[in-house]
Amino acid sequence: MSAPTLPTTPPQRPTLHIEDPFARPPMPPSGFLGGFALFNYGFRPFFFLAGLFAVLSVGVWVLLYTGHVALGLEVPPARWHAHEMLFGYTMAAVAGFFLTVVPNWTRVSAQKGPVLVVLTVLWLLGRLVEWGQSVLPYEAVMVGDLLFLVVLSALVARPLLDPQHRRQFVFVPILLCLIVGNALMHFDALGLAVLDIDWGRRGLMLGLDATVVLIAVMGGRVTPSFTSSFIGHADPSVKVRQNPTLDRFVMAATWAVLVVDLVWPERWLGGAVALVAAGLHGLRLGGWQSRRTISNPILWVLHLGYLWLIVGLGVKGMADFGLIEQANALHA
């Protein structure tokens, strides 16, 4: 009897095979505007513009901060900088995300072609009026900047309000918070603030906290799902731990950070809520088998991003207790 032969090819490393939420059916080569395919998918113009704007705006901010350029701003330069980071750069990334995934969630037709061109022009209009405050009445600046977010939210929210898509309804109040936050910053610049409250600061925090909620929702869905798919190929006995009860507490605490920042900001209560939220997010991340993703950069970067969400909430909590500067916490 001959001895059994051993396989001569080494075992294959597991590959990450998941259902990509950004995946769309292939488009015809011609696409919109002939062979120009930029406006065939929502993520294409807006992810591109987000990256381009990040490089441009950082350079301009450095020159503005050091006094080498002057834009003739109607608002303090630091407030303009914060607005453009959140409602310029970040909203471009958020738009690319929503315009791509909402059609997959709801099976409605994706916005593309002329509609996508109009949305892109509205985003560019917002940047143009924000950077041209010296030659425009501020009312025009406010309207020109708000148009993009209002139109985007209307397009995105309509299919999400369908009762059969109840799981996606959470994104509607997030979009509303972003609109209100942006509007509050403009109202404050127009001098419409009442009750001796810095509504501009509260609008900024409302927009930032709504973005944090958005990251918490999507991070809680995508990261464990992708991780489970990846490690399941390598070792089916290893499981990603998800606890629906813990997830509900995580989201309640994250929303509570938003509410407290709006009603009673930068006080001990906000610090306590932020620290509780950071701890709950830490427990959530602890069940996602992060150390097993080191071999896959496209996966571990999701864990790293979620980890920074925890760090940011922790730093914010420390700042609200007066342990570090608020400006440092805001940047974190």
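Below, all heavy atoms of this structure are taken into account, side chains as well, without hydrogens, waters or symmetry copies.
The aromatic ring centres of H81 and Y65 sit 6.0 Å or more apart. Proximity of the aromatic rings of F171 and W105 is defined here by a centroid distance below 6.0 angstrom, and this criterion is met. Y89 has its ring centre no less than 6.0 Å from the ring centre of W123.
The side-chain heavy atoms of F148 and L125, taken from C-beta on, include no pair separated by under 4.5 Å. Between T293 and F226 the shortest side-chain heavy-atom distance does not fall below 4.5 Å. In this structure, N243 and R284 have side chains that are not in contact, with every pair of non-hydrogen atoms separated by 4.5 Å or more. Counting heavy atoms from C-beta outward, V276 and F249 have side chains that stay 4.5 Å or more apart.
For R241 (side chain) and G286 (main-chain N/O), a donor-acceptor pair under 3.5 Å exists by modelled atom type. Panel note: side chain H331, backbone A327; a donor-acceptor pair is recorded below 3.5 Å. The backbone N or O of K239 lies less than 3.5 Å from a partner atom in the side chain of Q289, making a donor-acceptor pair. With hydrogens and angles disregarded, no donor-acceptor distance shorter than 3.5 Å links the side chain of E266 to the backbone of D320. Proximity of a side-chain donor or acceptor of Q133 to a complementary backbone N or O of E130 within less than 3.5 Å is detected.
W300 and I294 make their closest contact through CD1-O, 3.2 Å (heavy atoms, listed as atom of the first residue, atom of the second, distance).
Remark: R201 is not positioned above the aromatic ring of W199, lacking an NZ or CZ atom under 6.0 angstrom from the ring centre and at most 45 degrees off the axis.
For the residue pair D162 / Q168, no side-chain donor-acceptor distance below 3.5 Å is found, with atom types taken as modelled. Defined by atom type and a distance below 3.5 Å, a donor-acceptor pair is present between the side-chain atoms of W131 and E84.
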